[in-house]
Number of protein chains: 4
Amino acid sequence: MPTVTWSRLGGERRAAVVAAAEAEFAAHGFSAGSLNVIARRAGVAKGSLFQYFADKRDLYAYITDVGSQRVRFYMEARIRELDPTRPFFDFLTDLLDVWVAYFAEHPRDRALHAAASFEVDTDARVSVRAVVHRHYLEVLRPLVDDARSRGDLRGDADVDALLSLLLMLLPHLALAPYVRGMDPVLGLDDLSSEQPALVVRRYVAVLSAAFGCVCASLPAITTIEGEKHEQDTF
Amino acid sequence: MPTVTWSRLGGERRAAVVAAAEAEFAAHGFSAGSLNVIARRAGVAKGSLFQYFADKRDLYAYITDVGSQRVRFYMEARIRELDPTRPFFDFLTDLLDVWVAYFAEHPRDRALHAAASFEVDTDARVSVRAVVHRHYLEVLRPLVDDARSRGDLRGDADVDALLSLLLMLLPHLALAPYVRGMDPVLGLDDLSSEQPALVVRRYVAVLSAAFGCVCASLPAITTIEGEKHEQDTF
Amino acid sequence: MPTVTWSRLGGERRAAVVAAAEAEFAAHGFSAGSLNVIARRAGVAKGSLFQYFADKRDLYAYITDVGSQRVRFYMEARIRELDPTRPFFDFLTDLLDVWVAYFAEHPRDRALHAAASFEVDTDARVSVRAVVHRHYLEVLRPLVDDARSRGDLRGDADVDALLSLLLMLLPHLALAPYVRGMDPVLGLDDLSSEQPALVVRRYVAVLSAAFGCVCASLPAITTIEGEKHEQDTF
Amino acid sequence: MPTVTWSRLGGERRAAVVAAAEAEFAAHGFSAGSLNVIARRAGVAKGSLFQYFADKRDLYAYITDVGSQRVRFYMEARIRELDPTRPFFDFLTDLLDVWVAYFAEHPRDRALHAAASFEVDTDARVSVRAVVHRHYLEVLRPLVDDARSRGDLRGDADVDALLSLLLMLLPHLALAPYVRGMDPVLGLDDLSSEQPALVVRRYVAVLSAAFGCVCASLPAITTIEGEKHEQDTF
DNA sequence: TATGAATGAGGTTTCATTCAT
DNA sequence: TATGAATGAAACCTCATTCAT
């Protein structure tokens, strides 16, 4: 937790430290990120960092938290716009599109997310992922619960299994297009050949088949390729 | 890639190097693993390591490959015993049980797998995961293809999406019971409350619902809990 | 020397600073003692310490002085009770017993004494020991002078040599039982095998033989061990 | 203990490291001595020091050992020249003169001795003093034992108390002339006013009176000052 | 082919002190 | 008078890699 000194700090200095730390941890992760570099880039003395944060891990946790909240606030705003009361898998499709687009446009957040996912230091990774997972679930669970109460999910749908899969799919969709080798099957990391949007629809189709109400129909994947008016008929 | 010197090396010396390197990388991962330690424990000169491998990354890739092959050979043997011609999702359930049990009993392989998954160094992680994914797919794709040709999968099943999900689920099932925070939903890391076996069945139920032939029924999870018999009626 | 600000300070604040500084310097000595820690534990601002004392060394000297005076006042009170007009070496024996017991029961003063003795920083050590030595001598010299004027010491006794030896023996007796390796001969640091009381008597016997009046006899060490009665015949 | 690498090292490089380390530890002691400085002055890479010694403490212990042995070898040679079979306290007087002169002429050894005596780090101090004390005793005990068997000491002399006092007097005589405040009574540190030689004689007179055979007379201190001839009559 | 000595940059953290408020 | 933010030097130690033998 940041010190009181940090909370009393002027906005400019704070912004400089946050920016430098985000850049460094995004580039090299926690273990390999260097406080020397952060201090130098922020234009503050090395010792000052320790007036603001208990230690390296404390700074890292703070940076991760700030980043997670930024993503969450953004997503929550977009969720409201997307109208979460629509048929769930339609909504989910749009949501994942937004998600993919966000990380496409925010390389810094993408890198922070990756750094948190791949951290070697067990304690650092665990505490950071706990934060991230909490954010994920606080947003997703209400959406899923509402969907089930609306009847968009099967009555016997294993909601926790759905959430568990989403917890894997979300980081995957965010990172795979930029991390070679993460997805050797669907080709997410081969940007030229296939659109992430298509992969989103393939995953949603799977989830819909697994959890959706039998009567509910899913927008056909063809809707992307240009001919799809028969879509809502099957 | 190991040098020719390595290939000409006596078996004993080779085994010593491999054992020391596996232990070190399993314990500390690639970035934090120390060649000094490996050389000392293997009883060879530090310089010798550089006669056998181009650099640290080369050694790491080799060690990962060796480990992956060990796991793969084991799994292939068990797959033959499990009779892959049975109904696919029955077979898959047993396969995942074996998988979970293997990593429960082989902490070194589990640690190597985790080290590869969490490596910060991008290049190291990418090259290692490429190897691991290749092994996964070379085993899984024939099984899945056979299942489809046998009619165990729906005709329009998105086989690649299934493989993609399996590529996420396999490491998850192997590591989550031992890595705090990986699974905050299904409780895989809370060994006392829920059996990995049950989680396996929940995941397979999802996959079966998504990809299975409509007519094919899955062994109900009720076999473990005893009450949800309506599940196999959908 | 403390500033005038210090002298005008409220008693509570002063006590807090003294207590924190004593604890810190006792635990880590001057060089390794931390003003940060002292300020934090005393509940005052770091800057305040520099309003009360010129610098770290000044604070340290003050703390040592306070501690020395505490010990000195205690010893002076006990000296009056012990009746310094008795035969000198009888009295000295009791005095040293009291001395040893005091430090046995006051670990904080013991630690401060040790810290002063083992300080690496030459200037700090010199100034601190000057204070301590002054206290020692102001107490001891009158006692020794009285003893000589009473005829308890030989007429030609080298009083200064006696004081010089006492200045070595007193810290030794105070610390050796708690500092491994200080006394590899008489076994003061091996509490189980020999009592400090016996060591006191052996040292006093030496001093008595060296400085005592020939006619004056010393209580034989046999009072503790019970057999060497021929000792008092020399 | 130095590594094998150290033992295989060329003489020139070894000498440079030893010289630099002796100078640094002599000047600042163990805790405050800097490996950075040592490496720079020795003209070797910082990392090289860690190829020769396990850590800072290891290097310090080695340096202290080397220094102690140097002093011991010198003293043993001089002891043979001084004829230890002479009357003990005559011999002891000469021995202490030599001792004082040695440290007067060898400021480096003096500083190392001081550094070892005043080290704050308990473990470092303990281990170093154990070495020094061992050297002291291995030299002194045979001398004292011989003296007693020759009849130079009283039959009932407390030999261990004598050794214990010598263990205090020897460092005192070596260092006090150069460390302000160590001796506020006999004025050892006030070089202009009184000769260390006289102090030696005053201490020896005390020891002789305490431990010497009654019949044995000591060379009167008058030999230096010229008037106290009544001293040898007690 | 094997060795292992040498390198020196880089890591995090603590510290006493200053000074503007 | 009290505060506490800022400083930046210095600390020990580890590391992968090179190269002469």
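Below, chain A is the first sequence line, B the second, and so on; all start at residue 1.
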With distance as the sole criterion, is a donor-acceptor pair present between the side chains of D/Ser34 and D/Glu24 under 3.5 Å? no

Apply the test side chain to side chain donor-acceptor pair (under 3.5 Å) to residues A/Gln51 and A/Thr3: give CA-CA distance (whole Å), side-chain angles for both, the deciding distance (0.1 Å), then the verdict. CA-CA 7 Å; A/Gln51 297 242 4; A/Thr3 63; over 6 Å; no

Sorted by chain and residue number, the ring-ring contact (aromatic ring centres under 6.0 Å, His included) partners of B/Phe25 (sequence neighbours excluded) come out as B/Tyr60

Qualifying residues under ring-ring contact (aromatic ring centres under 6.0 Å, His included), relative to A/Tyr52, sequence neighbours excluded: A/Trp6

Donor-acceptor list for residues 108-118 of chain C side chains, cut-off 3.5 Å, not counting sequence neighbours:
residue  : atom : partner  : partner atom : Å
C/Arg108 : NH1  : C/Glu22  : OE1          : 3.0
C/Asp109 : OD1  : C/Arg70  : NE           : 3.3
C/Asp109 : OD1  : C/Arg70  : NH2          : 2.6
C/Asp109 : OD2  : C/Tyr102 : OH           : 2.7
C/Arg110 : NE   : C/Phe103 : O            : 3.0
C/Arg110 : NH2  : C/Phe103 : O            : 3.2
C/Arg110 : NH2  : C/Ala104 : O            : 3.3
C/His113 : NE2  : C/Tyr136 : OH           : 2.8
C/Ser117 : OG   : C/His113 : O            : 2.9

Quick one, which residues of residues 6-15 of chain C touch DNA chain E with a heavy atom under 4.0 Å? none

Which part of the nucleic acid, if any, lies within reach of A/Phe53 when heavy atoms closer than 4.0 Å are counted: base, sugar-phosphate only, or nothing? nothing

So, with a heavy-atom separation below 4.0 Å from DNA chain F, the residues of residues 57-67 of chain B are none

Its dot-bracket string being built from Watson-Crick and G-U pairs below 3.5 Å, with | for another strand and [ ] for crossing, DNA chain E has the pattern .||||||||||||||||||||

Which distance, rounded to the nearest 0.5 Å, do you find between the OG of A/Ser7 and the CZ of A/Arg14? 7.0 Å

Who are the salt bridge (Lys or Arg N to Asp or Glu O under 4.0 Å) partners of C/Arg180, not counting sequence neighbours? D/Asp123

Go through A/Glu119 and A/Val128 one step at a time and tell me if the side chain to side chain contact (heavy atoms under 4.5 Å, CB included) criterion holds. CA-CA 9 Å; A/Glu119 176 53 47; A/Val128 154; over 6 Å; no

Going by heavy atoms closer than 4.0 Å, what residues in residues 21-34 of chain B are next to DNA chain F? B/Gly33, B/Ser34

Which atom pairs, donor and acceptor, lie under 3.5 Å between side-chain atoms of residues 37-48 of chain A and protein residues at least two apart or in another chain?
none

Range on DNA chain E touched by chain B, heavy atoms, distance below 4.0 Å: E/dT1 to E/dA6

When A/Asn36 and C/Leu35 are each assigned the nearest nucleotide of DNA chain E, the 5'-most assignment goes to A/Asn36

Inter- and intrachain pairs under salt bridge (charged side-chain N to carboxylate O under 4.0 Å, His left out), touching residues 47-59 of chain A, at least two apart: A/Arg57-A/Asp121

With a 4.0 Å heavy-atom cut-off, tell me which residues in residues 37-50 of chain B come close to DNA chain E, sorted by residue number. B/Ala45, B/Lys46, B/Gly47, B/Ser48

Could you grab the distance from atom CZ of A/Phe30 to atom CD1 of A/Ile63, nearest 0.5 Å is fine? 12.5 Å

Can you tell me how far CZ of A/Phe50 sits from CG of A/Leu35, rounded to the nearest 0.5 angstrom? 5.0 Å

